Amino acid sequence: MNRRDIELLSAYLDGQLNAVDSARLEARLNTDLELDSALRSLRTARSVLQKLPTRKAPRNFTLTRQMAGLKPPMPKAYPFFRLATVFASILFLVSFTSTALSSTVTMGAAAPMAKFSEDSANQESADMAMESAPMEAMEEPSLAMQDQSMETATPQIVITEDGARIAVEATSNLNAGEAETSKTAPSEEVTAPETAAHPKTQKEAASPYQWALIFFIISLISGITTWAMKISARKKWR
Amino acid sequence: MDETALITSAQQGDLNAFNTLVLHYQDAVFNTAVRILGDDDKAQDASQEAFISAFQSIRSFRGGSFKAWLLRTVTNACLDELRRKKRRPTTPLEPETNDGDEVESPKWLADPNLTPAQQAEADELEHAIQHCLDALPTEFRTAVVLADVQGLDYSEVAQTIRVPLGTIKSRIARARLKLRECLRSFEELLPAAFRLDGENT
């Protein structure tokens with residue numbers, strides 16, 4: 001009896017042999033006592049296992065949602081808010097970082113420029129002070145010459161050094177209305193751009209921070225909404 | 001129980017449907033695990049792990065015997081556990097017999113319908129059979145448990161443990177032969193019915 005015979009006997013016990021093989025094996029079993037004894041041994045082993053008491057499960061193995069790895073069903077708006085949170089957070093970070101970087105660069109570039117303009121302004125005022133004295137002296141005769149030409153228009157003015165000054169003052173008084181209007185207008189024009197330039201730069205500086213603030217608020221609101229949706233979905237699921 | 005409908009629902013993520021199937025098959029799954037592993041606690045862990053794994057992969061079930069499919073899952077869990085045990089051998093906390101076998105806790109073997117004498121006899125018998133099963137190589141044990149304890153036919157066993165039909169025939173035959181040889185040493189423990197059964201009929 002070999003291993004092949006044992007396999008045949010085992011398959012025969014389980015009804016796994018075809019009719020021809022079964023008939024052939026049965027014929028051998030009638031004559032071969034050793035083979036018959038082996039068959040009975042295998043049958044006993046099989047019976048012992050089959051009669052082994054069935055063990056009942058000591059507890060239920062039913063799965064909870066957590067064990068099954070299931071997640072609570074979320075509202076339809078949940079993905080939108082989650083996406084909004086992510087996008088707004090990214091935009092906030094980008095705008096805040098870029099604004100912070102650009103302001104740092106501007107500050108770094110503006111400091112030497114301010115110093116340079118301050119120095120040049122001081123230099124100019126010093127030069128102007130130096131030059132103003134002889135210029136006034138030079139201008140006075142020329143003004144006197146101008147007054148000479150104006151004498152035809154205003155003959156009552158005496159051509160003296162003091163008189164020239166009076167005439168200048170008179171003409172300036174006469175043209176006071178025009179002069180004031182003509183002087184105030186440009187001064188307004190000069191001051192107006194100065195005063196307008198400050199809010200403009202302030203606006204330019206503030207607007208990126210405003211965007212950062214807006215993105216921060218959006219991300220905060222959508223984040224809180226997402227969190228609230230998640231919590232309520234979990235509570236409902238329980 | 002409409003098994004096909006429950007399987008379809010479970011495949012669509014219905015946990016209640018799957019739990020109905022769990023309740024129906026949990027005894028078979030646990031029984032297989034305990035016979036392969038020979039340890040109650042590990043068998044519980046393997047059964048639970050098998051059901052979790054089965055739920056997660058139920059969409060891959062393409063028909064056929066659901067019981068065989070489930071038993072394949074628990075067999076894989078048991079084989080994983082045996083591999084872990086081989087890598088990290090542990091010393092049992094339970095007291096051992098002189099042979100080095102664990103003394104089984106009588107609480108899980110207790111049957112209220114049996115007298116103490118019969119209970120003791122049943123305990124001894126089961127203990128002897130489990131001892132012989134444990135002595136078998138893992139692949140033989142798995143095949144014979146599925147065929148003789150769970151009553152699967154050869155093709156289902158082959159499908160469950162994914163080996164050719166010829167190999168299954170060979171493993172079952174050799175397992176039975178080894179088991180019979182092992183049980184001879186417990187002849188006096190076996191009740192008369194078991195001693196006579198088969199060999200005298």
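This is a predicted model, so every value here is computed, not measured. Protein chains get the first letters and strands the later ones, always in sequence-line order, with residue 1 at the start of each.
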Answer with side chain, backbone, both or neither: which region of Leu15(B) has an atom nearer than 4.5 Å to a non-hydrogen atom of chain A?
-> side chain
CD (Glu7(A)) and CZ (Arg174(B)) are apart, to the nearest 0.5 Å, by 7.5 Å
Are the side chain of Asp27(B) and the backbone of Ala57(A) linked by a donor-acceptor contact shorter than 3.5 Å?
-> yes
For Tyr78(A), does the OH atom sit with more than 12 other heavy atoms under 6.0 Å from it, leaving out its own atoms?
-> yes
For salt bridge (charged side-chain N to carboxylate O under 4.0 Å, His left out), just list the numbers for Asp40(B) and Arg55(A), CA-CA rounded to whole Å, side-chain angles, deciding distance to a tenth of an Å, and then say yes or no.
-> CA-CA 10 Å; Asp40(B) 201 47; Arg55(A) 292 282 307 283; 2.7 Å; yes
Over 12 non-hydrogen atoms of neighbours within 6.0 angstrom of CZ in Phe61(B) | yes
Apply side chain to side chain contact (heavy atoms under 4.5 Å, CB included) to Asn60(A) and Leu23(B), showing your working.
-> CA-CA 7 Å; Asn60(A) 281 338; Leu23(B) 291 171; 3.6 Å; yes
Please answer whether the main-chain N or O of Phe61(A) pairs with a side-chain N or O of Gln26(B) as donor and acceptor at a distance below 3.5 Å.
-> yes
Can you find a pair of side-chain heavy atoms, one from Arg35(B) and one from Leu52(A), that are under 4.5 Å apart?
-> yes
Distance from Thr44(A) atom OG1 to Arg184(B) atom CZ, nearest 0.5 Å?
-> 8.5 Å
Leu42(A) and Arg180(B), any side-chain heavy atoms less than 4.5 Å apart = no
For atom CZ of Arg24(A), decide whether the heavy atoms of other residues, nucleotides or ligands shown that lie under 6.0 angstrom number more than 12.
-> no
From Met67(A) atom CE to Phe55(B) atom CZ, the distance as rounded to the nearest 0.5 Å | 11.5 Å
Look up atom OG1 in Thr64(A) and atom CD1 in Ile52(B), then write down how far apart they are to the nearest 0.5 Å.
-> 7.5 Å
How far does CD of Gln16(A) sit from CG of Asp153(B), to the nearest 0.5 angstrom?
-> 6.5 Å
Interatomic distance, CZ@Arg3(A) vs CG@Leu177(B), rounded to 0.5 Å, equals 11.0 Å
Do other residues, nucleotides or ligands put more than 12 heavy atoms under 6.0 Å from the NZ atom of Lys67(B)?
-> yes
Could you check if a side-chain atom of Ile129(B) sits within less than 4.5 angstrom of a side-chain atom of Leu49(A), using non-hydrogen atoms only?
-> yes
Got Val48(A) and Leu183(B) here, is their nearest side-chain heavy-atom distance under 4.5 Å?
-> yes
Note, Gln48(B) side chain near Leu63(A) side chain (heavy atom, < 4.5 Å) = yes
Bottom line for Leu133(B): the part with an atom under 4.5 Å from chain A's heavy atoms is side chain
